[in-house]
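Because only heavy atoms are used, hydrogens play no part in the values below, and waters and symmetry mates are left out as well, while side chains stay in. Counting starts at 1 for both ligands and their atoms, in listed order.
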Amino acid sequence: MNLAGHARWRESVISANFVAPQHRPKTIVVGAGVIGLGIAWRLAQAGCTVTVYDRGEAGRGASWAAAGMLAAAVETEPGEETLLSLTLESQRLWPDFARELEAASGIAIEYRSEGTLVVALNRDDAAQLRHSYDFQKGLGLDLEWLSAAEARQREPHLKPGIAAAVWSPRDHQVENRLLGRALAVAARRAGAELIEHCAVHEIIVTGGRATGVEGARGRDEADIVVLAAGAWSREVGGIPPASLPAVRPIKGQMLALQMDPAAPLLRHVVWLPRAYLAPRLDGRLIIGATVEERGFDARLTAGGLLALLDGAWRGLPAIEELPVAETWVGFRPGSRDDAPLIGPAGIDGLVIATGHHRNGILLTPVTAAVVGTYILGGKLPELARPFSPERFSRSARPREAVQ
Ligand code: GLY
């Protein structure tokens with residue numbers, strides 16, 4: 001879908017502020033990552049009684065591990081044209097969402113609007129970058145081809161011999177760890193109860209309807225249960241197999257180097273052929289990320305770190321002198337088609353919001369808005385329909401049953 005198509009879609013799109021809800025169902029959210037917390041915040045703001053459970057600390061899963069890039073343009077690959085309508089809408093919501101969240105929580109989340117550079121180091125990279133650029137420009141995205149000199153004017157510490165770059169003026173970043181913290185505070189201040197270190201063992205389904213959860217603190221009943229447990233969503237019991245969200249963990253190894261915050265090596269998010277770099281206001285330079293199918297294996301590997309450091313060093317040699325501040329592993333919730341699962345799960349009272357894969361931070365505002373609209377108004381906004389969790393169960397049915 002190009003930008004004109006996207007504008008048409010927008011007619012039906014939710015805004016960050018809800019219309020007056022017809023009812024205010026008591027809601028339990030399973031998972032206190034940015035997706036679950038965003039939904040909880042919106043529902044609590046609308047007057048619902050909301051309880052959020054997390055097996056650990058709020059915001060400490062993929063939300064913590066992420067790099068915070070809000071990259072609707074440069075992360076769009078062939079086959080993701082439908083996803084683009086959702087990522088662009090969320091990108092449009094982000095500035096107001098950030099302002100509202102900061103006001104509600106009193107926490108600055110470092111939403112930064114310097115844009116993103118995608119850098120080609122040699123002629124082969126440049127040919128590949130040209131291919132992506134042509135594809136993304138064809139979708140109507142706002143991108144500009146830069147010479148090596150133009151790229152180095154924007155980022156003087158890039159290696160002198162780079163081949164070319166693409167400038168993406170609308171792909172920004174946010175400090176995802178502060179985002180998680182701010183959402184937890186805002187949700188609580190709006191009236192949501194947040195229960196951490198309390199695993200939900202089972203979603204209770206009675207007579208084809210989700211009626212609550214059973215967990216470490218016993219049974220808790222609700223009108224609606226939202227499953228937003230990211231890569232762990234299939235670990236929650238009680239859901240009939242046909243409604244289990246088709247997600248799996250996609251491991252990402254990452255690290256942070258420490259720059260001098262008064263003299264950072266980079267100002268923009270920079271994508272190199274084998275690593276991306278996100279500079280933070282406190283001087284950390286986030287370098288990510290591997291993409292690995294290794295289940296929940298949380299080990300850092302020499303190969304993973306070597307690939308990231310080598311990938312970063314080839315474009316930004318000055319990192320050589322920087323101390324390593326942190327290393328970590330995260331698990332993206334990947335789906336079969338790399339798009340999120342948002343909406344009803346085929347069981348009354350059960351709503352899914354997971355599978356955000358590489359785009360969880362970017363898609364937080366739009367997911368909170370569409371799930372809120374669905375729970376309060378009973379209708380999934382048009383924009384979110386292609387991401388119905390039922391798309392997988394439908395395609396899995398035998399042919400005759402689909403007619
Ligand atoms: N969106 C960046 C990542 O998933 O590594």
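Annotation: atom 4 (O) of ligand 1 to nearest protein heavy atom, R332 NE, 2.7 Å. Of the protein's non-hydrogen atoms, Y276 OH, 3.4 Å is the one closest to atom 2 (C) of ligand 1.
Atom NZ in K26 sits 5.0 Å away from atom OG1 in T51 (nearest 0.5 Å).
If you run side chain to side chain contact (heavy atoms under 4.5 Å, CB included) between L86 and each of T367, I342, N359, only I342 comes through.
Counting the atoms of ligand 1 from 1 in the order shown, those under 4.0 Å from a heavy atom of E75 are 1 (N), 2 (C). In the vicinity of A289, heavy-atom distances shorter than 4.0 Å reach the ligand 1 atoms 5 (O).
Among the atoms of H357, none of the N or O lies under 3.5 angstrom from an N or O of ligand 1.
In this structure, S243 contributes its side chain and G346 its backbone to no donor-acceptor pair below 3.5 Å. Using a distance-only test at 3.5 Å, with no hydrogens or angles considered, no donor-acceptor pair links the side chain of R130 to the main chain of W145.
Contact check for L146 versus L117: side-chain heavy atoms found under the 4.5 Å cut-off.
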